[in-house]
Amino acid sequence: MMRRIHHVGVVVNRLADGYRFYRDVLGLPLLREAELPDQGVRAALLGAGESELELLEPLGSSTPVGRFLERRGEGLHHLCFETADVTASLASLKARQVELIDAVPRRGLAGDIAFLHPRACSGVLVELATPVDDIRHSPPAPLRLKRLVIGARDVKQTTSVFQSLFGFTEVAMNDGPRTMLAVGRGALLVVPAEEVGGTEGLVAVSLVAGDFASLTAALKRAGAPRLEGTGEVTVEPAATHGVHLHVSRYE
Ligand code: CO
């Protein structure tokens with residue numbers, strides 16, 4: 001039912017500052033930007049392989065995103081799955097008494113969109129989108145979204161919620177406390193909240209770099225605080241507008 005992770009949404013104080021890191025340092029191409037008064041944001045989509053990264057700047061402090069920014073600061077806000085027919089997806093969720101924010105789709109940056117209530121998805125704010133036009137992904141992004149990490153009080157329960165609502169299949173992993181669900185070419189990694197500082201909900205983003213050496217050089221030039229290993233780098237939230245960001249050399 002869900003084709004891919006369409007995007008992951010990040011709240012920033014100002015889009016221009018977000019561009020300085022995500023577009024200018026990481027090199028993600030800016031695909032579109034628009035003001036969405038009904039959602040109280042100015043939003044932008046940047047390409048990241050099969051998926052996109054959405055930056056959200058609140059239009060005022062009394063908007064939902066403005067209140068989020070005041071309460072939590074910049075950082076991960078929601079994830080979005082692409083569905084072929086958002087109206088049909090909503091109807092089937094509604095028939096199962098799943099708690100929704102939007103009973104009917106509205107027009108957003110990603111197409112026709114609707115939000116589920118975070119209570120329905122183990123504390124994760126989930127958006128569904130059916131694109132209404134093709135966004136041209138050229139030039140191709142130098143980074144590809146590999147997976148999103150979700151912190152859970154009960155990993156098995158959160159996994160089964162996402163499986164039952166969206167039909168995702170579990171990816172075999174070594175026995176352990178974590179589980180992985182495939183979503184298109186991407187994945188959701190569910191980890192115990194205690195592994196991620198007690199945080200429940202969206203906690204981190206993993207990307208793959210086609211040219212890892214260029215990426216690490218760009219991070220160095222920008223002076224981005226980071227932890228560098230041989231095949232991966234973790235960029236600290238101070239540089240990424242509140243996002244725990246891992247970039248690896250390999251798939
Ligand atoms: Co969104």
Side-chain angles (χ1 to χ4, degrees), residues 1-15 18-19 22-23 28-59 63-69 72-87 89-90 93 98-135 137 141 145 147-150 162 165-166 183-184 186 188 201-205 207 240-243 245:
M1 177 162 127
M2 301 298 148
R3 293 165 160 173
R4 60 169 175 140
I5 298 172
H6 185 284
H7 64 262
V8 57
V10 175
V11 170
V12 295
N13 283 309
R14 277 174 301 273
L15 284 184
Y19 291 163
Y22 288 99
R23 182 192 60 191
L28 304 183
L30 176 59
L31 303 174
R32 65 173 55 161
E33 180 190 316
E35 196 159 297
L36 305 165
D38 67 311
Q39 292 172 47
V41 293
R42 184 153 192 93
L45 286 174
L46 294 92
E50 189 194 45
S51 301
E52 283 143 36
L53 190 123
E54 182 179 58
L55 297 178
L56 302 160
E57 172 188 327
L59 292 175
T63 62
V65 168
R67 286 196 297 271
F68 175 95
L69 186 60
R72 313 259 301 263
E74 294 184 309
L76 290 170
H77 179 260
H78 69 272
L79 63 79
C80 177
F81 300 125
E82 179 178 319
T83 169
D85 183 346
V86 64
T87 306
S89 296
L90 281 182
L93 291 167
V98 174
E99 200 173 347
L100 306 173
I101 290 176
D102 298 303
V104 291
R106 50 196 164 116
R107 188 54 64 88
L109 200 58
D112 287 329
I113 63 115
F115 282 93
L116 279 67
H117 198 283
R119 276 195 293 265
C121 300
S122 305
V124 180
L125 179 57
V126 172
E127 176 184 5
L128 302 179
T130 299
V132 291
D133 55 358
D134 267 344
I135 294 184
H137 279 226
L145 181 80
R147 58 183 173 236
L148 300 176
V149 184
I150 293 169
F162 276 85
L165 293 184
F166 307 115
V183 189
L188 302 178
L202 267 179
V203 287
V205 175
L207 303 164
T240 60
H241 300 271
V243 179
L245 193 75

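When a ligand or atom number is given, it counts from 1 through the structure's own listing order. Remember, predicted model here, so these are calculated numbers, not experimental data. All values below were derived from every heavy atom in this structure, side-chain atoms included, with hydrogens, water molecules and symmetry-related copies excluded.
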Colleague: Passes side-chain contact (heavy atoms from CB on, under 4.5 Å), E54 versus H78? Steps please.
Modeller: CA-CA 9 Å; E54 182 179 58; H78 69 272; 3.0 Å; yes
Colleague: Between D112 and R106, does any NZ, NE, NH1 or NH2 come within less than 4.0 Å of an OD or OE carboxylate oxygen?
Modeller: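 Here R106 does not pair with D112 in a salt bridge, since their nearest N and O are not under 4.0 Å apart.
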Colleague: Among E127, E52, E82, which residue meets the side chain to side chain donor-acceptor pair (under 3.5 Å) test with H7?
Modeller: E127
Colleague: Sum up the protein N, O or S atoms located under 2.8 Å from the Co ion (ligand 1).
Modeller: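 That number is 4, waters not included.
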Colleague: Within a reach of under 6.0 Å around CZ of R32, are more than 12 heavy atoms found that belong to other residues, nucleotides or ligands?
Modeller: yes
Colleague: Evaluate I5 against L188 for side-chain contact (heavy atoms from CB on, under 4.5 Å), listing each step before the verdict.
Modeller: CA-CA 9 Å; I5 298 172; L188 302 178; 4.2 Å; yes
Colleague: Between atom CZ of F68 and atom CG of L125, what is the distance when rounded to the nearest 0.5 Å?
Modeller: 9.0 Å
